[in-house]
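Worksheet: the structure to be examined is printed underneath.
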Amino acid sequence: MIKAIIVDDEQPALDTLQWELNMHCDELEIISAITNSQEAIKAIDQHKPDVVLLDIEMPEMDGFQLLEQVTYDNFDIIFTTAYDEYAIKAFRLNAVDYLLKPIEKEELCKAIGKVRLNKINKNLGANLQYILEGKFLASDASNNSNYKIALPMDKKIILVSPDEILYCESDGSYTYIIMTNGNRHMISKNLKQLAVQLSEKYFLRIHQSFIINLNSIKEYHRGDGGEVILVNGENLPVSRSKKQDLLNYIFN
């Protein structure tokens with residue numbers, strides 16, 4: 001279970017968020033819902049939650065000041081606020097998400113999904129983490145017919161072959177893996193981290209937002225950077241800085 005604490009000085013907003021989480025997030029346990037900042041600090045240090053859903057504008061102290069006073073800080077943060085001007089500061093604190101009130105159910109569930117993935121990664125054993133980081137698999141892929149890529153999913157980790165991945169798409173601190181069977185999986189690695197795990201024998205970063213399976217290329221259309229057409233018919237852009245790397249693959 002994901003242990004959560006909710007902090008909001010407005011009782012109706014607190015009640016609404018608590019109801020939404022209870023209705024739509026079965027894997028989440030709300031261990032405390034608090035309107036007072038000082039009580040929230042004590043609760044966080046005492047209960048050591050996995051995630052804190054935190055309002056920013058509060059009378060006694062704002063959400064950022066509250067975070068400065070907690071002793072225990074090994075938790076994810078989801079900011080819940082009616083104001084959008086704090087977003088940059090929030091993400092500098094590595095917030096998982098920044099949800100604007102009134103909070104939409106889909107955005108709330110997506111944010112909790114990110115917390116779930118983070119919790120999975122934190123609980124991985126040292127040996128499994130070694131595999132996930134690709135320290136062995138990526139470096140030995142050219143000589144290893146059993147080369148697999150480990151992807152942490154919801155409540156499980158799947159191992160896939162390179163030919164099962166069509167391309168990878170960046171989503172900030174997360175990455176969507178688009179499979180050849182049409183499935184999409186979100187993992188809690190950014191594209192740069194994932195690239196370490198992917199062998200250059202099979203994959204190429206063609207854009208700041210995309211890594212493609214080289215075997216998935218059907219056509220390349222020339223241009224400033226150009227674009228590739230994949231075997232499933234999707235078009236993906238190629239950045240100017242990555243164009244030569246792609247051409248080197250095509251013509252070698």
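Nothing fancy with the numbering, it's 1 onward along the sequence.
No side-chain heavy atom of Y167 sits less than 4.5 Å from a side-chain heavy atom of I206. Counting heavy atoms from C-beta on, the side chains of V238 and Y220 come closer than 4.5 Å. Residues M179 and V160 meet the side-chain proximity criterion, which asks for heavy atoms closer than 4.5 Å. Between T16 and P102, every side-chain heavy-atom pair lies at or beyond the 4.5 Å cut-off. Proximity of L236 to I212: side-chain heavy atoms (C-beta onward) are separated by under 4.5 Å at one or more points. Considering only heavy atoms from C-beta on, I177 comes within 4.5 Å of L194 through its side chain. For the pair I5/F75, no side-chain contact is recorded, criterion being any heavy-atom separation below 4.5 Å from C-beta on. Between Y202 and I211 there is no side-chain heavy-atom pair separated by less than 4.5 Å.
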Margin query: Evaluate V96 against V51 for side chain to side chain contact (heavy atoms under 4.5 Å, CB included), listing each step before the verdict.
Written below: CA-CA 9 Å; V96 166; V51 60; over 6 Å; no
Would you check, one step at a time, whether the test side chain to side chain contact (heavy atoms under 4.5 Å, CB included) holds for I2 with C25?
CA-CA 10 Å; I2 298 171; C25 304; over 6 Å; no
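Hydrophobic clustering (side-chain heavy atoms under 4.5 Å, transitive across Ile, Leu, Val, Met, Phe, Trp, Tyr) groups I6 together with I103. There is no path of hydrophobic side-chain contacts, each under 4.5 Å, that joins Y249 to I229.
Side chain of T175 to backbone of K189: a donor-acceptor contact under 3.5 angstrom is found.
In this structure, the side-chain contact (heavy atoms from CB on, under 4.5 Å) partners of K110, at least two apart in sequence or on a different chain, are K114, D171, Y176. With sequence neighbours left out, D26 forms a salt bridge (Lys or Arg N to Asp or Glu O under 4.0 Å) with no residue at all. For K192, the side-chain contact (heavy atoms from CB on, under 4.5 Å) partners two or more places apart in sequence, or in a different chain, are N190, R205. Residues meeting the side-chain contact (heavy atoms from CB on, under 4.5 Å) test with N232, sequence neighbours left out: L166, L230, E234. For N22, the side-chain hydrogen bond (donor to acceptor under 3.5 Å, both in side chains) test picks out no residue, with sequence neighbours left out. E85 is linked by a side-chain contact (heavy atoms from CB on, under 4.5 Å) to Y83, counting only residues two or more places apart in sequence or in another chain. In this structure N248 satisfies the side-chain hydrogen bond (donor to acceptor under 3.5 Å, both in side chains) test together with Q244, sequence neighbours excluded.
Shown here for T180 and D163, the closest heavy-atom pair between the two residues is CG2-O, 3.3 Å. Heavy-atom minimum distance, I30 versus Q18: CD1-CG, 3.5 Å. Summarising the geometry of Y174 relative to N118, their closest heavy-atom pair is OH-ND2, 3.4 Å, with the distance given to 0.1 Å. Nearest approach of S170 to Q208, heavy atoms of both residues: CB-O, 4.2 Å. When all heavy atoms of E200 and L214 are compared, the closest pair comes out as O-CD1, 4.1 Å.
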Do any side-chain atoms of residues 36-47 form donor-acceptor pairs under 3.5 angstrom with protein atoms, and if so which ones, sequence neighbours left out?
from, atom 1, to, atom 2, distance (Å)
N36, OD1, Q38, N, 3.0
N36, OD1, E39, N, 2.9
D45, OD1, T71, N, 2.9
D45, OD1, Y72, N, 2.8
D45, OD2, T71, N, 3.4

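If you take CG on D245 and CD1 on I250, they are separated by 11.0 Å, rounding to the nearest 0.5 Å. Atoms OG and NZ, on S188 and K119 in that order, are 13.0 Å from each other to the nearest 0.5 Å. We find the CG-CG distance between L99 and L53 to be 7.5 Å, quoted to the nearest 0.5 Å. Separating the CD atom in E227 from the CG atom in N235 is a distance of 4.5 Å, to the nearest 0.5 Å. Distance CD1/I112 to NE2/H24: 12.0 Å, rounded to 0.5 Å. Remark: H207 NE2 to L191 CG distance equals 11.0 Å, nearest 0.5 Å.
Residue M23 belongs to a hydrophobic cluster whose other members are W19, with links defined by side-chain heavy atoms closer than 4.5 Å. Grouped with M1 in a hydrophobic cluster is no other residue, since no side-chain heavy-atom contact under 4.5 Å to another Ile, Leu, Val, Met, Phe, Trp or Tyr is found.
The side chain to side chain contact (heavy atoms under 4.5 Å, CB included) test with I78 is passed by exactly one of V52, L108, L54, V115: V115.
Residues in residues 97-109 take part in these side-chain hydrogen bond (donor to acceptor under 3.5 Å, both in side chains) pairs, two or more places apart or across chains: D8-K101. Sequence neighbours left out, the pairs with a member in residues 55-70 that pass side-chain hydrogen bond (donor to acceptor under 3.5 Å, both in side chains) are E57-Y86.
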